[in-house]
Protein chains: 2
Amino acid sequence: MSEIQRPGALYQQVAAAIRDAILAGEFPPGASLPSEAQLIQRYGVSRPTVRNAVSALRAEGLIDVQHGKGSFVRATGQPVVTVERRITRTAAGRFATHDGVEWEQAEEPSVHRTETTAATGRALGLGEGEEMFGCDRLLTDPATGARALHRVLIPLATAEGTPLAQAPDTEPAAAYELLTAAGHTLTWTETVQARMPLPDERTALQIPDATPILHTTRITRGTDDQPLLLEELRISADRAQVAYRITAEKAPARRAHA
Amino acid sequence: MSEIQRPGALYQQVAAAIRDAILAGEFPPGASLPSEAQLIQRYGVSRPTVRNAVSALRAEGLIDVQHGKGSFVRATGQPVVTVERRITRTAAGRFATHDGVEWEQAEEPSVHRTETTAATGRALGLGEGEEMFGCDRLLTDPATGARALHRVLIPLATAEGTPLAQAPDTEPAAAYELLTAAGHTLTWTETVQARMPLPDERTALQIPDATPILHTTRITRGTDDQPLLLEELRISADRAQVAYRITAEKAPARRAHA
DNA sequence: GGACGTCACTCGTCCTTACGAGTTATGAGT
DNA sequence: ACTCATAACTCGTAAGGACGAGTGACGTCC
């Protein structure tokens with residue numbers, strides 16, 4: 001039934017028909033889709049064609065497929081965490097990183113020594129293969145269940161002569177205070193990248209199909225704009241977004257753009 | 001030949017074998033992979049299996065497949081644009097948005113009237129279905145060829161009584177000046193999301209397989225923290241990253257986190 | 001009543017065959 | 001020498017069949 005024939009390939013027509021049915025509410029979020037056998041009957045096509053169509057919807061992130069159980073419409077509008085990337089400082093000089101999320105540590109922090117990679121080395125102004133302290137944390141937001149991978153990298157040059165050398169698992173806000181106490185005036189820049197997750201990130205962050213991760217990299221610089229500290233935060237992009245405040249900087253006029 | 005049998009499904013073994021060959025340098029970036037027919041011979045499997053393996057590598061973003069031509073190892077380390085999301089203001093009160101990228105307009109700005117969607121409406125504090133001015137621009141960075149979709153949405157309430165009502169294609173920096181002249185003190189917040197591209201975004205931004213887009217949303221607020229203006233920037237995540245400066249805000253202490 | 005095995009149902013994998021569609025090189029014709 | 005049709009590649013789509021593997025419910029057996 002359901003004479004379909006409009007746009008392109010057959011499987012795309014089937015995919016479009018299923019997509020329309022989902023969007024029309026025939027299959028509400030969380031509901032199970034008809035089985036492959038039923039779709040074959042319903043649209044009068046072969047199994048490879050049905051599987052191809054289902055596969056396309058899966059790549060779109062519209063449905064989830066579970067072996068032995070069936071296909072299910074992915075729950076939309078699941079709670080999205082907004083991670084505010086802010087730093088506050090009290091009059092007393094105490095720093096706090098204020099994400100707007102009450103992260104909890106899902107595991108003990110994992111402290112280790114690593115070497116710079118191409119990316120982290122460049123960001124920290126170091127050569128490749130230089131040693132650093134590293135501290136990984138798996139964070140969860142109990143309110144929504146969102147997970148995040150947090151990593152702090154401290155070059156040996158930064159830790160030297162400070163309590164950081166003995167406690168590489170110091171939390172960032174405390175590290176800011178130590179560095180300020182050491183005479184630094186701190187500035188921060190943060191870059192945001194998106195990419196498909198690596199296999200270990202998929203499992204650690206419980207990332208579904210067709211979902212990228214947000215990868216933020218915060219560089220703390222001291223006096224002379226010298227990079228002192230690197231923090232990474234990786235989150236599943238379907239569960240979280242990141243937010244920044246922008247303040248107008250006083251600057252000589254350059255050129256405007258679109 | 002090439003007796004393969006280690007991990008799981010056949011097509012995964014084939015995919016792993018091809019992946020290893022690529023990483024081992026047998027097929028350097030940009031080089032063409034053996035054709036499907038050759039892979040069938042080489043690994044002694046059927047065409048669906050080969051196609052399944054190739055499809056997996058494609059989903060990983062490791063290769064690109066072109067109809068009629070063949071499969072090619074995706075070039076890595078292509079130039080990545082860092083889009084600095086900054087706003088500057090001269091002593092004379094002139095604003096400039098300073099992205100660190102010299103965007104050029106690839107097409108004429110497309111001006112139209114739209115209605116708020118669920119996402120843009122909530123961000124602007126409006127109900128759904130309210131009318132706005134919209135202006136879309138397709139930008140390119142001549143230095144790297146990166147492309148971006150830029151959109152400005154102006155609620156009618158904001159435009160009313162200002163030159164914006166007659167010129168919805170005003171560039172953001174100029175709009176900031178108009179709003180400041182109208183008595184507003186502006187603040188900006190920007191959220192960053194990542195998701196897989198929609199079909200029209202894929203074509204407009206020339207996004208390859210398995211590549212997400214970065215979607216930034218900047219809200220301009222005036223006096224009373226009332227949302228006045230919304231800007232969106234969408235970029236292919238394999239060509240660009242976005243960057244922010246974070247300044248420590250004076251604030252009463254709350255609680256620190258990891 | 002509870003434990004366990006079987007069975008029916010789901011999707012996953014793999015094969016064979018066939019044809020369509022895009023690309024490029026070859027060669028004949030002008 | 002140039003133009004253009006053809007041929008020989010490439011991947012894309014579609015059908016059919018067969019079996020394996022995970023899941024859950026049902027019914028039997030203890």
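These numbers come from the heavy atoms of this one structure, side chains and all, not from hydrogens, waters or symmetry mates. Proteins get letters first, then strands, A, B, ... in listed order; numbering begins at 1 in each.
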A.B. asks: Any idea which heavy atoms bring Ala210(A) and Gly61(A) closest together, and the distance?
C.D. replies: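 So the minimum-distance heavy-atom pair works out to CB-N, 3.9 Å.
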A.B. asks: Quick one: side chain to side chain contact (heavy atoms under 4.5 Å, CB included) partners of Asn52(B), sequence neighbours excluded?
C.D. replies: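 Once residues adjacent in sequence are excluded, the partners of Asn52(B) under the side chain to side chain contact (heavy atoms under 4.5 Å, CB included) criterion are Tyr11(B).
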A.B. asks: Pro197(B) and Ile213(B): which non-hydrogen atoms are nearest, and at how many Å?
C.D. replies: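 So the minimum-distance heavy-atom pair works out to CB-CG2, 3.7 Å.
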A.B. asks: Which residues pass the side chain to side chain contact (heavy atoms under 4.5 Å, CB included) test with Ala237(A), not counting sequence neighbours?
C.D. replies: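 Listed in chain order: Pro212(A), Leu214(A), Ala194(B).
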A.B. asks: Which residues satisfy the salt bridge (Lys or Arg N to Asp or Glu O under 4.0 Å) test with Glu60(B), sequence neighbours excluded?
C.D. replies: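 With sequence neighbours excluded, Glu60(B) shows a salt bridge (Lys or Arg N to Asp or Glu O under 4.0 Å) to Arg19(B), given in chain and number order.
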A.B. asks: Let me test you: for the helix from dG1(C)-dC30(D) to dT30(C)-dA1(D), what is the angle between the axes at its two ends (five pairs each), rounded to 10 degrees?
C.D. replies: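 So the angle between the two local helix axes works out to 0°.
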A.B. asks: Test of understanding: with salt bridge (Lys or Arg N to Asp or Glu O under 4.0 Å), list the residues that count as partners of Glu231(A), not counting sequence neighbours.
C.D. replies: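 Salt bridge (Lys or Arg N to Asp or Glu O under 4.0 Å) list for Glu231(A), sorted by chain: empty.
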A.B. asks: Please output the side-chain donor-acceptor pairs of residues 65-72 of chain B that fall under 3.5 Å, not counting sequence neighbours, one pair per line with the distance.
C.D. replies:
none

A.B. asks: Which pair of heavy atoms, one from His150(B) and one from Pro172(B), lies closest together, and at what distance?
C.D. replies: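 Taking every non-hydrogen atom into account, CE1-CG, 3.8 Å.
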A.B. asks: At under 4.0 Å between heavy atoms, which parts of nucleotides 14-21 of chain D does protein reach? Answer with one letter per nucleotide, 5' to 3': B base, S sugar-phosphate only, - none.
C.D. replies: SBB-B-BB
A.B. asks: Determine the minimum heavy-atom distance between Ile207(B) and Glu201(B), stating which atoms define it.
C.D. replies: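 Looks like CD1-O, 4.0 Å.
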A.B. asks: Residues from residues 30-39 of chain B sitting under 4.0 Å of DNA chain D, heavy atoms only?
C.D. replies: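 Those residues are Ser35(B), Glu36(B).
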A.B. asks: If we count only N and O atoms by modelled type, under 3.5 Å, do the side chains of Gln241(B) and Thr82(B) hold a donor and an acceptor together?
C.D. replies: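 Yes, because at least one side-chain N or O of Gln241(B) sits under 3.5 Å from a partner of the opposite role on Thr82(B).
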A.B. asks: Is it true that Arg113(A) and Glu130(A) make a salt bridge, defined as a side-chain N closer than 4.0 Å to a carboxylate O?
C.D. replies: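 No salt bridge links Arg113(A) with Glu130(A).
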A.B. asks: Quick check on contacts: within residues 201-208 of chain B, what sits under 4.0 Å from DNA chain C by heavy-atom distance?
C.D. replies: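 Heavy-atom cutoff 4.0 Å gives no residues at all.
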A.B. asks: Taking any atom under 4.0 angstrom from a heavy atom of chain A, which nucleotides of DNA chain C are the first and last to qualify, 5' to 3'?
C.D. replies: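 Contacts span dT10(C) to dT13(C), reading 5' to 3'.
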A.B. asks: Under a 4.0 Å N-O cut-off, is there an ion pair linking Asp99(B) with Arg85(B)?
C.D. replies: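 Salt bridge between Asp99(B) and Arg85(B), a charged N being under 4.0 Å from a carboxylate O: yes.
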A.B. asks: Between Glu107(A), Gln105(A), Glu104(A), which is the residue that forms a side-chain contact (heavy atoms from CB on, under 4.5 Å) with Thr140(A)?
C.D. replies: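 When side-chain contact (heavy atoms from CB on, under 4.5 Å) is applied between Thr140(A) and each of Glu107(A), Gln105(A), Glu104(A), only Glu104(A) qualifies.
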A.B. asks: How would you list all residue pairs meeting salt bridge (Lys or Arg N to Asp or Glu O under 4.0 Å) that involve residues 43-54 of chain A, not counting sequence neighbours?
C.D. replies: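 Every salt bridge (Lys or Arg N to Asp or Glu O under 4.0 Å) pair that includes a residue of residues 43-54 of chain A, provided the two are not neighbours, is Glu36(A)-Arg47(A), Glu36(A)-Arg51(A).
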A.B. asks: Taking salt bridge (Lys or Arg N to Asp or Glu O under 4.0 Å) as the definition, give me every residue that meets it alongside Arg151(A), ordered by chain and number, with sequence neighbours left out.
C.D. replies: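 Salt bridge (Lys or Arg N to Asp or Glu O under 4.0 Å) check on Arg151(A) returns Asp136(A), Glu232(A).
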